[in-house]
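Input: a single structure, listed below in structure tokens.
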Amino acid sequence: MTGTGTGPERSRVEADEVVLDAKGLRALAHPVRVQVVGLLRKYGPSTATRLAERLGVNSGTASYHLRQLGAAGFVEEDTGRGNARERWWRSVHRTTWFSDPDLAEREPEAALAYRQSIAAIYTLRTQQTLNELPAMPRQWRDSFDMSDWALRLTPEETASLQRELTDVIMRYRRDAPEEAADAPEGAARVAVIRYLLPEPDVPAASSEPASGPRTAEGEQTS
């Protein structure tokens, strides 16, 4: 995974992962900074000018956010690239985890801003894929999926489901720009975006048969 993860606290942190503390959470509580980190992880090292073009902002804005991310330890200057006039930046980590429930309680505004930024980015990525889907090869169009499942679980069961889903995902090959050349022929980047959305105020179902709209992939929406 090259993006973010939220949920139960991590029992083991890999070398290329970072678990947010209060300083890191506040640094990422801005949608542009979340996008900057995501772009560096997805495409590799870049300059403020190139990032600004992708984000639709001016280079001064991109430079400012890169400096803030650098001060918080999320990005660093790539000294092997560029020159005196052009600074290149790279992501320090591959994955960010926001997994401390106490931190969300202590920093509610920053936690909400961060999560809202993540949700907005996921929505944008989904829309971009939908727009590009008609031009994709048939085999990739056939692998596309958007589904939702309505379950009735306890908090403990929900946490267990999250761990099981993570274990399944982590069995597969992770993506990074520097490792793309070693992937098997035909492999391409696939984004797995996972949501677990508690809805504790939804009443229990009545005895009547469930009926409702369904997605194109056939899963009942709720």
Side-chain angles (χ1 to χ4, degrees), residues 1-29 31 33-35 37-38 41-42 74 91-130 143-176 189-205 210 212 214-222:
M1 182 168 63
T2 58
T4 60
T6 63
E9 193 164 357
R10 297 278 288 168
S11 59
R12 185 183 66 185
V13 180
E14 303 294 338
D16 59 356
E17 298 178 341
V18 58
V19 177
L20 291 183
D21 56 14
K23 178 182 178 182
L25 178 61
R26 289 193 293 268
L28 285 181
R33 292 178 199 165
V34 175
Q35 291 181 78
V37 173
R41 292 174 180 175
K42 184 175 182 178
F74 291 103
S91 175
V92 175
H93 313 99
R94 181 182 294 185
T95 305
T96 301
W97 287 98
F98 180 28
S99 55
D100 182 351
D102 293 332
L103 176 58
E105 296 293 324
R106 295 194 305 271
E107 301 280 349
E109 292 184 3
L112 178 60
Y114 174 67
R115 286 166 168 162
Q116 287 177 330
S117 296
I118 296 298
I121 291 169
Y122 288 170
T123 300
L124 176 61
R125 291 171 63 182
T126 302
Q127 190 61 56
Q128 288 173 335
T129 296
L130 286 171
S143 69
F144 173 82
D145 176 71
M146 288 195 304
S147 301
D148 71 280
W149 305 76
L151 308 176
R152 187 163 293 275
L153 308 175
T154 65
E156 294 75 19
E157 289 173 325
T158 305
S160 176
L161 173 61
Q162 184 182 69
R163 289 191 295 269
E164 291 179 36
L165 291 173
T166 299
D167 288 342
V168 170
I169 293 168
M170 296 304 290
R171 292 205 303 263
Y172 288 83
R173 187 180 306 103
R174 300 171 72 184
D175 176 71
R189 179 182 175 89
V190 174
V192 179
I193 298 175
R194 183 193 65 196
Y195 285 110
L196 289 177
L197 305 176
E199 299 178 355
D201 59 337
V202 177
R214 295 177 178 271
T215 68
E217 284 67 43
E219 306 308 333
Q220 183 172 338
T221 61
S222 54

After noting the C-alpha distance and the side-chain angles of Asp167 and Met170, does the key distance pass the side-chain contact (heavy atoms from CB on, under 4.5 Å) rule? CA-CA 5 Å; Asp167 288 342; Met170 296 304 290; 5.8 Å; no
Any Leu151 side-chain heavy atom under 4.5 Å of Glu157 side chain: no
Considering residues at least two apart in sequence or located in another chain, which fulfil the side chain to side chain donor-acceptor pair (under 3.5 Å) criterion with Gln128? none
With sequence neighbours excluded, residues passing side chain to side chain donor-acceptor pair (under 3.5 Å) with Ser160: Glu164
Crowding at OH, Tyr172 (>12 non-hydrogen neighbours, <6.0 Å): no
Suppose we screen for salt bridge (Lys or Arg N to Asp or Glu O under 4.0 Å). Which residues come up paired with Asp21, at least two apart in sequence or across chains? none
Show the nearest heavy-atom pair for residues Thr95 and Trp97, with the distance to one decimal. CG2-NE1, 3.5 Å
Separation between NZ (Lys23) and CG (Leu25), nearest 0.5 Å, reads 13.0 Å
If I take atom CD1 from residue Ile118 and atom CZ from residue Phe98, how far apart are they, to the nearest 0.5 angstrom? 10.5 Å
side-chain contact (heavy atoms from CB on, under 4.5 Å) partners for Leu196, two or more places apart: Thr158, Leu161, Gln162
Tyr114 side, atom OH; Leu20 side, atom CG - distance, nearest 0.5 Å: 5.0 Å
Using every non-hydrogen atom in the two residues, find where Ile121 and Pro31 come nearest and quote the distance to one decimal. CD1-O, 4.3 Å
Going from OG1 on Thr129 to CZ on Phe144, what distance comes out if it is rounded to the nearest 0.5 angstrom? 7.0 Å
Look up atom CG in Leu28 and atom OG1 in Thr96, then write down how far apart they are to the nearest 0.5 Å. 6.0 Å
Thr123 meets the side-chain contact (heavy atoms from CB on, under 4.5 Å) criterion, sequence neighbours left out, with none
Flag side-chain contact, heavy atom, 4.5 Å: His93 against Val37: no
Quick check: closest heavy atoms across Asp100 and Asp102, and the distance to 0.1 Å? OD1-N, 3.0 Å
Measure from the side-chain N and O atoms of Arg33 to the backbone N and O of Ala27, and report whether any donor-acceptor pair falls under 3.5 Å. yes
Donor-acceptor pairs under 3.5 Å, side chain of residues 104-112 to any protein atom, not counting sequence neighbours: which ones?
residue: Glu107; atom: OE2; partner: Arg26; partner atom: NH1; Å: 2.7

